[in-house]
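Because the structure is predicted, anything quoted here is derived from the model rather than measured.
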Amino acid sequence: MIRILFFILLILGLALGFAWLADRPGELSLIWQGQRIEMSLMRAASILISLFAAVLIVVWLIRAIWLSPNTVTRYFRARKRDRGYQALSTGLIAAGAGNANIARKMAARSRSLISADQEPLIHLLEAQTALIEGKYDDARKKFELMADDPETRELGLRGLYLEARRLGANEAARQYAERAAEKAPHLTWATLATLDHRSQAGQWDEAIRLLDQSRAAHVLEKKEVDRKKAVLLTARAMERFDGDPKSARDDALAALKLDDRLIPAALVAAKALFREDNLRKGASILERIWKLDPHPDIARIYVRARGGDSAIDRLKRAKKLESLRSNNAVALATVAEAALEARDLPLARAKAEAAARLEPTESIFLLLADIEEADTGDEGRIRYWMAQALKSPRDPAWTADGVTSPGWLPVSPVSGRLDAFEWKAPPSQLSAAEDGHLNAEEAIRSLPPVSPTSPISSPAQHTTPVTPEPTPAKEAEAARDATIRVPERREQTEEPPDPFFGRPPDDPGVRDPASAEKDKAGFRLF
């Protein structure tokens, strides 16, 4: 495009020059070797320009003839190189498609047409061909050659890393990843692999330092870096909690600044603050994250934040959580558990049934079974709730790579991936019901009446649910359920049964208030 523009400008300049000379006619007289030559100025200019053009043409012809051997050689060399690159391209496509025969043929043709020193991709084609054919030793040698070449070092290190991972040589894979991260900090895979390896080894300080370097090099997005750093700070805080609660608190608070929805960081920060008797700040942290995402662990720590509290005090704290996030199954279940400990059984039953209507999970029905044992002691009704628990979906848990953990972990024990655990329902082969869900309302309505032989049969301590008028289908279903649910009568023992929760007699929920107030100041939870 620039050449065309320059040529147009040159023609335009010549035209303007000739037009200028045409407007100013004149005569040119030249005496050379005794002869007088006269001509017009326009003719003289035309002869001069033509002579200049002829000289350029002659020079170009002489140069073309002189350089013709090199031109011919360069032409055939370029043609050979083009054929080699065509073979290389065909071989890489065949290797990607898994065609070992064509890939091997194209690799040999590429090496014969192109020098491997000039085109390092030939090593890659040969390595990929060896991998397809199962010649892993040859492929590893090719990757080692590529790792020694500065031009293909990154590609060779990645190939060696993947081969080490395939063979299960985790230590070799770690060394290759760290070498790649050191030589090329901009490589995302090397940074993430090194980060995972350091996290698996519990080297939190080194992992955080590497993450800061990747932030400076703009390897990862800012949101991803903040999330991973928050997870690393939380892991370090959990490790320091027993020995250095203050440092654990600082790390957990820093993690919350990076990710305000990270529940494990909030738990560590709150427990560290509770240990420092800073109840208000710890509770505010839990309340803030509870509003964003109600979680059973938050409720458990919040309700028992202050050691020595009575069961009534814990019930009040549970009700406060419910007021912060009403109409929530976790909040209702928390109030139900606290009411059960405080022996407020009507409230416990009402909240547990409300939670079951919202989210009929396994723990809710087991809680109803516990309430039933404390309220009526009817084994038929208890077994009924336990049967509903078996048919209900499993409760959410910390899950990563198909395995569950009782608590949050920063690294997956299966894949070693950082920040792999999620709070979700674990996989289960048992379905909630045949149609895919459990009707909690129907389960509550079909609760069988209290058996006359139940240990607790006083009308003041329980109420019999009102059942609808029976229909033939419902009568058959009730008869079938009765054969399953109604237990055999057993002789009552003289001693009352132990509480289902197995609490000692001096539990704050059952001892007298005077004794509770006396021991409250000297007892701490954390």
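Across all their heavy atoms, Asp401 and Arg417 have their closest contact at OD1-NH2, 3.4 Å. For the residue pair Ala177 and Ala190, the shortest heavy atom distance occurs at O-CB, 3.8 Å. Of all heavy-atom pairs spanning Arg249 and Leu273, the tightest one is CD-CD2, 3.6 Å. The minimum heavy-atom distance linking Ala420 with Ala400 is given by the pair O-CB, 3.6 Å. Nearest heavy-atom pair across Asp260 and Leu292 is O-CD1, 3.9 Å. The two atoms that bring Leu358 and Ala329 nearest to each other are CD1-N, 3.8 Å, heavy atoms only.
Side chains of Leu367 and Leu340 form a contact here, defined as non-hydrogen atoms less than 4.5 Å apart. Annotation: side chain of Tyr302 is not in contact with side chain of Leu267 (no heavy-atom distance under 4.5 Å). Side chains of Leu347 and Leu315 form a contact here, defined as non-hydrogen atoms less than 4.5 Å apart. The shortest distance between side-chain heavy atoms of Phe274 and Ile301 falls below 4.5 Å. Residues Val219 and Leu187 form no side-chain contact, since every pair of their non-hydrogen atoms from C-beta on lies 4.5 Å or further apart. Side-chain atoms of Leu321 and Ile298, non-hydrogen and from C-beta on, never get closer than 4.5 Å to each other. The closest side-chain heavy-atom distance from Lys281 to Leu253 is below 4.5 Å. Residues Leu192 and Lys228 meet the side-chain proximity criterion, which asks for heavy atoms closer than 4.5 Å.
Between the side chains of Arg165 and Tyr161, a donor-acceptor pair is found at a separation under 3.5 Å.
The pair Lys320-Glu287 meets the salt-bridge criterion, with a side-chain N (NZ, NE, NH1 or NH2) lying under 4.0 Å from an Asp/Glu carboxylate O. For the pair Glu322 and Lys351, the salt-bridge criterion is met [side-chain N within less than 4.0 Å of a carboxylate O]. A salt bridge does not link Asp313 with Arg306: none of the charged nitrogens is closer than 4.0 Å to a carboxylate oxygen. No salt bridge links Arg209 with Asp212; every basic N to acidic carboxylate O contact stays at or beyond 4.0 Å. Ion pairing between Arg445 and Glu442 fails under the 4.0 Å rule for side-chain N and carboxylate O. A salt bridge links Asp226 with Lys222: the closest approach of a Lys/Arg side-chain nitrogen to an acidic carboxylate oxygen falls below 4.0 angstrom. Comment: Arg381 engages Glu372 in a salt bridge, judged by a side-chain N to carboxylate O separation of less than 4.0 angstrom. Taking the charged nitrogens against the carboxylate oxygens, Lys223 and Glu221 have no contact shorter than 4.0 Å, which rules out a salt bridge.
Side-chain atoms of Gln200 come within 3.5 Å of backbone N or O of Gly416 as a donor-acceptor pair. No side-chain donor-acceptor contact under 3.5 Å links Arg227 to the backbone of Asp259. A donor-acceptor contact shorter than 3.5 Å is absent between the side chain of Tyr176 and the backbone of Leu162. Without hydrogens or angle criteria, Arg174 side chain to His197 main chain gives no donor-acceptor distance under 3.5 Å. A donor-acceptor pair under 3.5 Å links the side-chain atoms of Arg343 to the main chain of Glu341, judged by distance alone. Judged by distance alone, the side chain of Trp290 and the main-chain N or O of Leu324 form no donor-acceptor pair under 3.5 Å. Under a 3.5 Å cut-off, the side chain of Arg314 and the backbone N or O of Asp309 do form a donor-acceptor pair.
Residue Arg236 is tested with Asp251, Asp250, Asp244 for a salt bridge (Lys or Arg N to Asp or Glu O under 4.0 Å); the sole match is Asp251.
Here the straight-line distance linking atom CG of Leu92 with atom CG of Leu88 works out to 4.5 Å at 0.5 Å rounding. Annotation: the span from Trp423 atom CH2 to Thr399 atom OG1 amounts to 8.5 Å, rounded to 0.5 Å. Taken to the nearest 0.5 Å, the CD atom of Gln128 stands 11.0 Å off from the CG atom of Leu121. The distance from the CG atom of Leu409 to the OG1 atom of Thr234 is 12.5 Å, given to the nearest 0.5 Å. Note: Leu167 CG to Glu163 CD = 6.0 Å, rounded to the nearest 0.5 Å. For the atom pair CG (Leu368) and CZ (Arg349), the distance works out to 7.5 Å, reported to the nearest 0.5 Å.
Trp398 and Trp408 have perpendicular rings, their planes meeting at more than 60° on a 0 to 90° scale where under 30° would count as parallel.
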Test log, rule side-chain contact (heavy atoms from CB on, under 4.5 Å), inputs Thr334 and Glu337: CA-CA 5 Å; Thr334 302; Glu337 291 177 0; 5.6 Å; no
Test log, rule side-chain contact (heavy atoms from CB on, under 4.5 Å), inputs Leu418 and Leu232: CA-CA 9 Å; Leu418 180 66; Leu232 292 174; 3.9 Å; yes
Stepwise side-chain contact (heavy atoms from CB on, under 4.5 Å) test for Lys316 and Ile312: CA-CA 6 Å; Lys316 292 179 180 179; Ile312 301 298; 4.1 Å; yes
Arg383/Glu379 under side-chain contact (heavy atoms from CB on, under 4.5 Å): CA gap, chis, key distance, verdict: CA-CA 6 Å; Arg383 292 182 181 180; Glu379 291 192 7; 3.8 Å; yes
Derivation and outcome, salt bridge (charged side-chain N to carboxylate O under 4.0 Å, His left out), residues Glu126 and Lys142: CA-CA 7 Å; Glu126 293 175 345; Lys142 292 295 181 181; 2.7 Å; yes
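Cation-pi geometry between Arg275 and Phe241 is satisfied (NZ or CZ under 6.0 Å from the ring centre, within 45° of the ring normal).
Residue Asp148 qualifies as enclosed at atom CG: its count of foreign heavy atoms under 6.0 Å is above 12.
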